[in-house]
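Below is one structure, written out as structure tokens; comments come after it.
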Amino acid sequence: MPELPDVEGFRQVLVSCAQGKVIRRVDVRDAGVLHGVSARRLREALEGRRFTEPERHGKWLLARTGGPTLLLHFGMTGRLLCARPGDAVEAHDRVLFGLGGDRQLRYRDQRKLQGLWLADDDSGVARLLDRQGPDALAVGREDFEAALSARRGHIKTALTDQSVLAGLGNLLADEILWRAGLHPRTRADGLSETERRHLYTHMRRTLRSAVTAGCVPPRDAWLTGHRDDPDPMCPRCGTHLRRSRLAGRGTVWCPRCQPEGT
DNA sequence: CTGTATGTTGGCGG
DNA sequence: GCCGCCAACATACA
């Protein structure tokens with residue numbers, strides 16, 4: 001699930017559930033999601049602190065406390081949710097944060113592909129995020145174009161490479177390329193001035209809608225609404241969609257709207 | 001059993 | 001060094 005729009009939604013959960021609240025109890029149910037920190041050290045670092053305004057960079061969520069920062073990454077199946085302390089704990093609830101105001105923030109994740117990190121200070125945060133390119137929602141047109149021009153590989157690979165641009169995942173990349181009319185194998189540094197501009201514009205529009213929805217919505221008018229159909233058709237022109245493997249992921253595109261070459 | 005899944009990393013060969 | 005591809009990580013589901 002989690003790409004930039006989902007993580008932005010989790011940031012909102014953190015704001016409404018936990019911002020300003022004291023962390024009374026950190027309950028690590030599965031230490032397998034902790035990276036570079038023990039359950040005990042996590043508890044000692046966070047209990048008694050208060051969550052302040054959280055930030056997001058790409059697919060990373062930064063839960064600030066005024067002291068150490070908790071960094072969360074959701075992999076493919078992670079979520080953040082707000083519960084009551086008495087609510088039944090589910091099998092995949094890995095860490096529970098008991099808060100003031102009778103709230104409980106939960107990191108739930110089925111597959112444990114990523115997890116939680118703790119940074120003592122800003123330099124610790126910077127170390128953890130040092131491979132991240134500019135955030136896809138915050139990046140300006142010029143930096144976006146410069147990042148792509150520096151890449152000789154396929155455009156889809158560049159868009160989903162977090163060190164080039166942070167936040168886009170497999171669904172968003174396919175969606176944006178479809179809207180921009182670009183074949184996913186187009187060379188990133190081979191885009192015309194116009195194509196680069198369109199790509200940036202469509203990335204912004206797609207991200208804005210998706211952030212509002214809290215996910216890449218599987219709407220009928222979106223490519224994402226059809227990628228899992230047995231015989232998927234392009235919602236714009238009715239052509240049979242193509243499927244293949246690119247950048248290590250299942251890739252869907254419309255051969256008519258996104259012609260190869262040129 | 002096989003293949004797939006919205007993520008990331010590290011290794012291999014070109 | 002850059003690039004594409006693949007396995008690995010852990011788990012569920014068709």
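Chain identifiers are assigned alphabetically (A, B, ...) following the order of the sequence lines, protein sequences preceding nucleic acid strands; residue numbering begins at 1 within each chain.
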Nucleotide nearest [X] when distance is taken to its side chain, options [options]:
X	options	answer
A:Gln162	B:dT8, B:dA5, C:dC3	B:dT8
A:Gln110	C:dT11, B:dA5, C:dC5	C:dT11
A:Arg131	B:dG10, C:dT11, B:dG7	B:dG10
A:Glu3	B:dG10, B:dG7, C:dT11	B:dG7
A:Leu113	B:dG7, C:dC3, C:dC5	B:dG7

Heavy atoms only, 4.0 Å cut-off, all strands: where does [X] land among base, sugar-phosphate and nothing?
X	value
A:Arg79	nothing
A:Gly75	sugar-phosphate
A:Thr157	sugar-phosphate
A:Arg249	base

| task | Could you check which nucleotide pairs with B:dA5 in any of the strands shown, counting Watson-Crick or G-U wobble with both distances under 3.5 Å? | result | C:dT11
Any side-chain N or O of [X] less than 4.0 Å from the OP1 or OP2 oxygen of [N]?
X	N	answer
A:Arg151	C:dC3	yes
A:His154	C:dC3	no
A:Lys59	B:dG7	yes
A:His73	B:dT8	yes

Using whole Å, report how far [atom1] of [X] lies from [atom2] of [N].
X	N	atom1	atom2	result
A:Asp109	B:dA5	CG	C1'	13 Å
A:Leu61	B:dG7	CG	P	16 Å
A:Met76	B:dT9	CE	P	15 Å
A:Asp228	B:dG3	CG	C1'	14 Å
A:Leu246	B:dG7	CG	C1'	17 Å
A:Arg94	C:dT11	CZ	C1'	9 Å
A:Ile155	C:dC3	CD1	C1'	15 Å
A:His92	C:dA10	NE2	P	14 Å

Name the orientation class of the two ring planes belonging to [X] and [Y] (parallel below 30°, tilted from 30 to 60°, perpendicular beyond 60°).
X	Y	value
A:Tyr200	A:Phe144	tilted
A:Phe51	A:Phe97	perpendicular
A:Trp60	A:Trp117	perpendicular

| Base B:dA5 paired with A:Arg111 side chain (donor-acceptor, <3.5 Å) | yes
| message | Please report whether the SG atoms of A:Cys257 and A:Cys234 are separated by less than 2.5 angstrom. | response | no
| query | For atom CZ of A:Arg208, is the number of surrounding heavy atoms from other residues, nucleotides or ligands below 6.0 Å larger than 12? | reply | no
| request: Look only at the side chain of A:Arg196 and the backbone of A:Leu191, and say whether a donor-acceptor pair between them is shorter than 3.5 Å. | output: yes
